[in-house]
Amino acid sequence: MVMKVQVTRTKTAETFYIAKTYRDRETGKPTSKIARRLGTRSELEEMLPPGTDVMSWAKEEAKRMTLEERELTRKVTVSYDPTRQIGAGARHTFNCGYLFLQDIYSALGLPEICRDIASRSKADYDLDSVLSRLVYGRILEPSSKRATHEFSQELMEGPAFDSHHIYRALSVLAENSGLIQRRAFERSKALARRRCQTLFYDCTNYCFEITEEDGFRRYGPSKEHRTNPIVGMGLMMDKDGLPVAFDLYPGNESEQPTLIPLEERLEGEFGLSKLVVYTDARLSSAANRAHNSRGSLQFVTTVSLRGQRKEVRDWVRGPKGWSCAGEAGTFDLDQVRKAADDPLTPEKTRRALFARTFYKTMWTSLKDPATGEELGQNLIVTFSPRYRAYQSSIRKAQVERARRACEDGTAKRHRKGPKDPMRFVSSTPVTEEGEVAEERILSVDDGKVEEEASWDGLYGLATSLDDEDVLGIVKVAAGRWQVEECFRIMKGEFRARPVFLSRRDRIEAHFLTCFLALLIYRILEKRLGCLWTCPEIADTLRNMRMEEVKGEGYRPLYVRTEITDALHEAFGFRTDFEIVPQSQTRRILKKTHQKASITTRKRASRDSR
């Protein structure tokens, strides 16, 4: 294999290339391909020092590239001495999975943001090194801050800080949390599609392993039914499932007042406008809906149909006046239910019926609690035969459990939880003569079962949108599950809780690193085509280790899989050769530190060997 200079001449220009000549493995015939375009003579004369001979310089470049290519393709022989001990405390294996995270971290401009913050705070440690290792550790090896410093030693690039610097850095990061969120959001637009006209908002809380509360960590209703003090988090997510911003609030405060301040942040600091914000029923206070009915804001929220006024409940359960997308006329739900339940209905007809969604709308009252102004809202009710069948099957199993509990005497407590089978049980104190006595008979109340069954398949939304595409609104609202998934990832795979920090600023910085880890993971997930789950991706990155071969490079120790192939294809570098030479390793490290956007697949194939 040799690199040679090729020159093409036209009437207007003389262009220099470096061509790679080699022997084709299949045909055995010599061939060549362009490895690099150097430029036209005029371009090179402007770039090179005055008096430089262009052809001589091009030949030197070809010679240099030939030596580099031979270094990359030469066979490596390694010898080991069975009589020599390994060095005490010396590391020989390192994690290389973090390089894919580092590529996104750098593309988000976070190193530059850290340098700007550090220059103002006069920090005497590497803030970028601290933040990056906290983010990588949260994905690859979630643990304490001190343990994260120890884990950082296992990366191919060790940490440029001591463990005590982490806690000092947390305070600095907390002071600049809003700035970091905003600038990371701006940079993320170049890395992934961000449809921010539609946003989803939800809240959760995180527990602390303490028994006494303070001003920030307070006792409150835990989502996980824990008895420890908690801190609440409100997370805003875009239509593509990527986090936009977050905020924290004391655990004893209601989550409803947290929506409006975060929306004002997005409009003022992030420059977002004409937003449609989707929430669940817990966040749909009258104040929030009134605020999002004015200006450029709109709201869509789930509502409890059973909690509506009697006339609205009767309208919801009324069988007449239902529409179906793409079909003319109205439908009677009694006939739809009868066809769905009839065993004589042909299977093809049943499948077509279960694929339909019926709906009807009503403009209902909405008053601004602050001003008393009548604003109004559009109530959308849908009915799905498939959803009805699912709810019916779940309740059937619960009723059977309740009957068995009544028969064997284990139904001792009358519970009212929305998912508890005992909600169908009624207790009647009687004697043999039918008089009131202390003895109680527990039995399933068929009236409660029938009442709940009458709501099967129904789903309600309230919105300020006056849109004819009702099912389009319903379809988008179904994307709220991605916010729940974000919380599950942070609490599960990233182990964001329990939190072992006490100062408020450090707690805020902890959740900032969790937020950035989630953003980076989501972008990585999109790059891989959303084909694998979070545990599969995280385990793959965690297990990608390489052994250092002194003086030669790094040898992969992990199993090559579909995920590792997809990672290398998506990010434009490969670590899965039998050995990665030192020069190639330096190129990979340099690439993952570049601020430029993530490498495309076309460039990936060009840069691979």
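The model shown is predicted, which means the values in this text are computed figures rather than measured ones. FYI, side chains are in, hydrogens and waters are out, and symmetry mates aren't considered; it's all heavy atoms of this structure. Residue numbers run from 1 in the order of the sequence given.
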| note | When rounded to the nearest 0.5 Å, the distance separating CZ of Phe515 from CG of Leu235 is 7.0 Å
| Can a salt bridge be assigned to the pair Asp314 and Lys310 using a cut-off of 4.0 Å between side-chain N and carboxylate O? | yes
| Partner set under salt bridge (charged side-chain N to carboxylate O under 4.0 Å, His left out) for Glu112, not counting sequence neighbours | Lys595
| said: Under the rule for salt bridge (charged side-chain N to carboxylate O under 4.0 Å, His left out), what residues qualify as partners of Arg403, not counting sequence neighbours? | reply: Asp446
| field | Residue pairs involving residues 249-268 (criterion ring pair (Phe, Tyr, Trp, His ring centres under 6.0 Å); sequence neighbours excluded) | value | none
| note | Rounded to the nearest 0.5 Å, the OG1 atom of Thr513 sits from the CG atom of Leu170 at a distance of 7.5 Å
| query | Can any side-chain N or O of Gln197 pair as donor or acceptor with the backbone N or O of Ser273 at less than 3.5 Å? | reply | yes
| said: Before you tell me yes or no, could you show the steps for Leu471 and Tyr359 under side-chain contact (heavy atoms from CB on, under 4.5 Å), namely the whole-Å CA-CA distance, both residues' side-chain angles and the distance that decides it to 0.1 Å? | reply: CA-CA 8 Å; Leu471 293 185; Tyr359 68 90; 4.0 Å; yes
| message | Considering only residues two or more places apart or on different chains, which pairs with a residue in residues 471-480 satisfy salt bridge (Lys or Arg N to Asp or Glu O under 4.0 Å)? | response | none
| said: Regarding Arg388 and Asp341, does a basic nitrogen lie under 4.0 Å from an acidic carboxylate oxygen? | reply: yes
| Listed partners of Ser392 passing side chain to side chain contact (heavy atoms under 4.5 Å, CB included), at least two apart | Arg395, Asp456
| message | Among residues at least two apart in sequence or on other chains, which ones pass salt bridge (charged side-chain N to carboxylate O under 4.0 Å, His left out) with Arg182? | response | none
| Does any pair with a residue in residues 481-502 pass ring pair (Phe, Tyr, Trp, His ring centres under 6.0 Å), and if so which ones, sequence neighbours excluded? | none
| task | Look up atom CG in Leu518 and atom CE in Met237, then write down how far apart they are to the nearest 0.5 Å. | result | 10.0 Å
| message | Going by side chain to side chain contact (heavy atoms under 4.5 Å, CB included), name the residues that satisfy it together with Arg282, two or more places apart in sequence or in a different chain. | response | Asp202, Lys223, Glu255, Asp280
| remark: Those residues at least two apart in sequence (or on a different chain) that pass side chain to side chain contact (heavy atoms under 4.5 Å, CB included) with Arg488 are Glu484, Glu485
| message | What's the separation between atom CG in Leu516 and atom CG in Leu134, rounded to the nearest 0.5 Å? | response | 10.0 Å
| task | Could you check if a side-chain atom of Ile507 sits within less than 4.5 angstrom of a side-chain atom of Phe216, using non-hydrogen atoms only? | result | yes
| message | Does anything in residues 178-214 form a ring pair (Phe, Tyr, Trp, His ring centres under 6.0 Å)? List the pairs, not counting sequence neighbours. | response | Phe185-Phe270, Phe200-Tyr278, Tyr206-Phe511
| query | Between Glu175 and Arg120, does at least one N-O distance fall below 4.0 Å, as a salt bridge requires? | reply | no
Give every donor-acceptor pair under 3.5 Å between a side-chain atom in residues 239-248 and any protein atom, sequence neighbours left out.
from: Asp240; atom 1: OD1; to: Arg193; atom 2: NE; distance (Å): 3.2
from: Asp240; atom 1: OD1; to: Arg193; atom 2: NH2; distance (Å): 3.2
from: Asp240; atom 1: OD1; to: Arg195; atom 2: NE; distance (Å): 3.1
from: Asp240; atom 1: OD1; to: Arg195; atom 2: NH2; distance (Å): 2.8
from: Asp240; atom 1: OD2; to: Arg195; atom 2: N; distance (Å): 2.9
from: Asp240; atom 1: OD2; to: Arg195; atom 2: NE; distance (Å): 3.3

| Any ion pair linking Glu141 and Arg133 (charged N to carboxylate O, less than 4.0 Å)? | no
| task | Please list, chain by chain and in numerical order, all residues satisfying side chain to side chain contact (heavy atoms under 4.5 Å, CB included) with Arg503, sequence neighbours excluded. | result | Ser171, Asp505, Arg506
| query | Nearest heavy-atom pair of Arg522 and Cys486: which atoms, and what distance? | reply | NH2-SG, 3.5 Å
| How many angstroms lie between atom OH of Tyr521 and atom SG of Cys514, to the nearest 0.5 angstrom? | 15.0 Å
